[in-house]
Each structure stands twice: as C-alpha cells, then as structure tokens.
There are 2 protein chains.
Amino acid sequence: MSFDFVKHLETRRKLEAEAPLDPRVEALVNGVIARVADKWTMIVLDVLAEHGELRFGALGRRVPGISQKMLTQTLREMEREGLVQRTVHPVVPPKVEYRLTDLGLGLGAAFCGVWIWAEQHLEAIEQARAAFDARAAD
Amino acid sequence: MSFDFVKHLETRRKLEAEAPLDPRVEALVNGVIARVADKWTMIVLDVLAEHGELRFGALGRRVPGISQKMLTQTLREMEREGLVQRTVHPVVPPKVEYRLTDLGLGLGAAFCGVWIWAEQHLEAIEQARAAFDARAAD
DNA sequence: CAGCATCCTGCAGGATACTG
DNA sequence: CAGTATCCTGCAGGATGCTG
C-alpha cells in the first residue's frame with residue numbers, strides 16, 4: 001500500500017531534479033489541489049457520480065447544508081475546469097441539467113482511494129482523537 | 001480506470017442499503033473529508049512524506065506562504081487525528097520534531113492517486129478553462 | 001426553476017508582541 | 001526555537017429579493 005506512495009515520491013523527486021520545479025506547473029498543480037480542497041467540490045462530484053444527471057434543484061437537495069449561492073459557484077468552477085457538463089433545455093420553466101465529464105469521472109476515480117481509506121480508518125482516527133483529548137486534559 | 005470508481009459506487013450503494021446511512025459514521029467520514037479538504041493538511045503531509053522528520057521551523061520554511069499560526073493549528077489537528085507524531089526533545093533551545101505516523105503515510109498513499117491525476121491532466125484542465133473563458137467573453 | 005445582485009455578518013487567519 | 005495570547009481585518013458565504 002505504502003509502496004505506491006514511496007514510488008510516487010521517488011518519481012516526483014526525479015522529475016523535480018530533471019525540471020527543477022517549473023513555477024508554472026507548480027501553480028497549476030496547486031490550483032487543482034485547491035479545487036479538490038474546496039469544501040463542496042468533492043461532495044457535489046460524488047452526488048453527480050451517483051445519480052448521473054441532475055437538475056440544479058435536485059442536486060442542491062442532495063447536498064445537505066449547501067446554499068444555492070455556493071452551489072452555483074461550485075458548479076461554475078467545476079464547469080470551468082471541465083469537470084462538469086452544463087446543459088440548458090430551452091423550455092419553460094427553465095431546466096438545467098448537470099453531469100460529470102470524463103475528466104470529472106477521472107477525478108472521482110482518483111479520489112476514490114481517499115474515500116475508501118476514510119471509511120476504513122474511522123475507528124483508528126476516533127481512537128487517536130480520544131487519546132489526544134485525554135492527554136490534553138491534564 | 002473508472003472501473004474502480006464504478007465498483008466503489010456500487011459498494012457504497014449496497015452498504016447504504018444494508019445499513020441505511022448511520023448518521024454517526026456519516027459524520028465521521030465528513031470529518032475526514034473536511035480534514036483532507038483543509039487548505040494546508042495535504043501540503044504539510046506531502047512535505048513530511050518527502051523529508052521524513054522535520055523541526056517546526058524547517059517544516060514551516062518548506063510550506064511557502066503558511067503562517068506560523070496556521071502551521072501550529074494544522075499540526076495540532078493532524079496530531080489529534082493520529083496522522084502526525086510530535087516529539088519534544090528536552091534541550092535548550094527547544095527542539096520539536098514532527099513525522100508522519102503509519103496512519104499519515106496511509107492517507108498519503110490514498111491521496112497519491114489524486115496527485116498523479118492532477119499532474120497528468122493539467123493541460124486538459126488548462127484547455128477547459130481557456131474554452132470556458134473564451135465562451136464567457138460574449 | 002435557475003440564478004444574478006445586493007446587503008450584511010462572523011470568523012478564518014495575518015501581524016505583532018511576549019514567554020519558557 | 002517553538003510556541004501562546006491578543007488584536008484587527010478582509011472577505012467567504014448566508015439571507016433576501018428580483019428577473020427571464
């Protein structure tokens with residue numbers, strides 16, 4: 001499991017040795033990480049992955065606690081980055097549907113490992129927290 | 001590639017069908033995701049993965065743009081969640097070293113897929129952005 | 001229904017100064 | 001050096017109201 005990670009680190013080090021951190025690429029990677037690190041992006045992505053295609057309202061209802069402002073904002077960003085396809089149906093009342101692009105599905109697949117890890121290590125984390133809190137109460 | 005993701009989705013759906021979303025587990029998963037989604041956590045984790053063990057100051061210098069307040073805060077959270085081991089050496093001047101636990105390394109391994117994906121799809125994202133911006137300028 | 005525009009607020013997080 | 005404590009500010013993001 002950690003083998004892949006070690007290998008990855010070696011790869012990164014090698015790459016950086018060859019092309020000593022191109023600030024341009026660096027910035028772009030940070031941008032992508034920031035996108036992933038956004039509070040809502042991965043949740044929206046997960047919901048869309050589960051349901052395939054959803055209207056704005058239905059999508060919002062599936063993301064508990066999000067305001068419609070943040071939903072719009074997140075969706076726009078994701079569309080801009082090519083993660084989401086926005087389709088407007090010219091009918092009344094308006095109907096706009098969102099679905100993941102291949103790029104979005106790819107990011108979902110990449111993030112999949114994190115979801116699984118999270119599900120698998122919940123107890124370990126809970127224990128660590130309890131231990132820390134107990135130790136902090138001195 | 002998307003096979004794993006699809007499989008994962010099936011697994012999730014099945015699990016939710018069996019144990020219809022235990023709110024307790026749900027909350028914990030969200031907590032983990034929130035941790036990952038934190039602006040600094042994954043960067044700090046990456047730096048620690050590369051260097052193995054670092055003092056507070058050295059670590060901070062390796063994370064461009066982080067304030068020492070946020071560094072302390074992030075480190076405390078990570079320690080609490082069992083991702084990081086904090087070792088105090090009782091000398092003057094004080095010396096405190098941080099290194100990843102097995103849990104931290106595991107999370108790094110899980111997140112590895114996302115890093116790789118990000119590196120591999122930079123151009124696609126750049127293109128998508130350019131296209132979006134061009135279309136937005138009407 | 002989808003989603004802008006506007007206003008308003010809390011608090012995340014920076015800067016600074018102080019201690020063991 | 002490795003923090004904690006205090007203060008201060010910007011802006012993320014919620015609530016509300018209006019349109020095509």
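Labels below follow one simple rule: chain letters A, B, ... track the order of the sequence lines, proteins then strands, and each chain is numbered from 1. Not measured: the values here are computed from a predicted model. When reading the values below, keep in mind they use all heavy atoms of this one structure, side chains included, and skip hydrogens, waters and symmetry mates.
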Can you name the side-chain hydrogen bond (donor to acceptor under 3.5 Å, both in side chains) partners of Arg61(A), sequence neighbours left out? none

Within less than 4.0 Å of OP1 or OP2 of dA2(D), is there a side-chain N or O belonging to Arg55(B)? yes

Taking only side-chain N and O atoms of Arg76(B), does any of them lie within less than 4.0 angstrom of OP1 or OP2 on dT4(D)? yes

Can you see which heavy atom on Val32(A) is nearest to which on Leu122(B), and at what distance? CG2-CD2, 3.9 Å

Considering all heavy atoms, the nearest Val114(A)-Ala110(B) contact: CG2-O, 3.6 Å

Within this structure, what is the [atom1]-to-[atom2] distance between [X] and [N], rounded to whole angstrom?
{"X": "Glu97(B)", "N": "dG3(D)", "atom1": "CD", "atom2": "P", "value": "11 Å"}
{"X": "Lys95(A)", "N": "dA2(C)", "atom1": "NZ", "atom2": "P", "value": "10 Å"}
{"X": "Leu71(A)", "N": "dC1(C)", "atom1": "CG", "atom2": "P", "value": "14 Å"}
{"X": "Leu54(B)", "N": "dC1(D)", "atom1": "CG", "atom2": "P", "value": "15 Å"}

Partner set under side chain to side chain contact (heavy atoms under 4.5 Å, CB included) for Ile43(B), not counting sequence neighbours: Trp40(B), Val63(B)

Reading nucleotides 5-20 of chain D from 5' to 3' and marking B where a protein heavy atom lies under 4.0 Å of the base, S where only the sugar-phosphate is that close, and - otherwise, the string is --------BB--B--B

What pairs of residues pass the side-chain hydrogen bond (donor to acceptor under 3.5 Å, both in side chains) test when at least one of them lies in residues 68-85 of chain B, not counting sequence neighbours? Arg129(A)-Glu81(B), Asp133(A)-Arg80(B), Arg35(B)-Glu81(B)

What pairs of residues pass the side-chain hydrogen bond (donor to acceptor under 3.5 Å, both in side chains) test when at least one of them lies in residues 95-109 of chain A, not counting sequence neighbours? Arg86(A)-Tyr98(A)

So Ile116(A) and Phe111(A), do their side chains get closer than 4.5 Å, heavy atoms only? no

Check the pair Met78(A), Thr41(A) against side-chain contact (heavy atoms from CB on, under 4.5 Å), reporting the backbone distance first and the verdict last. CA-CA 7 Å; Met78(A) 291 177 74; Thr41(A) 305; 4.0 Å; yes

For the helix from dC1(C)-dG20(D) to dG20(C)-dC1(D), what is the angle between the axes at its two ends, each from 5 pairs, rounded to 10°? 50°

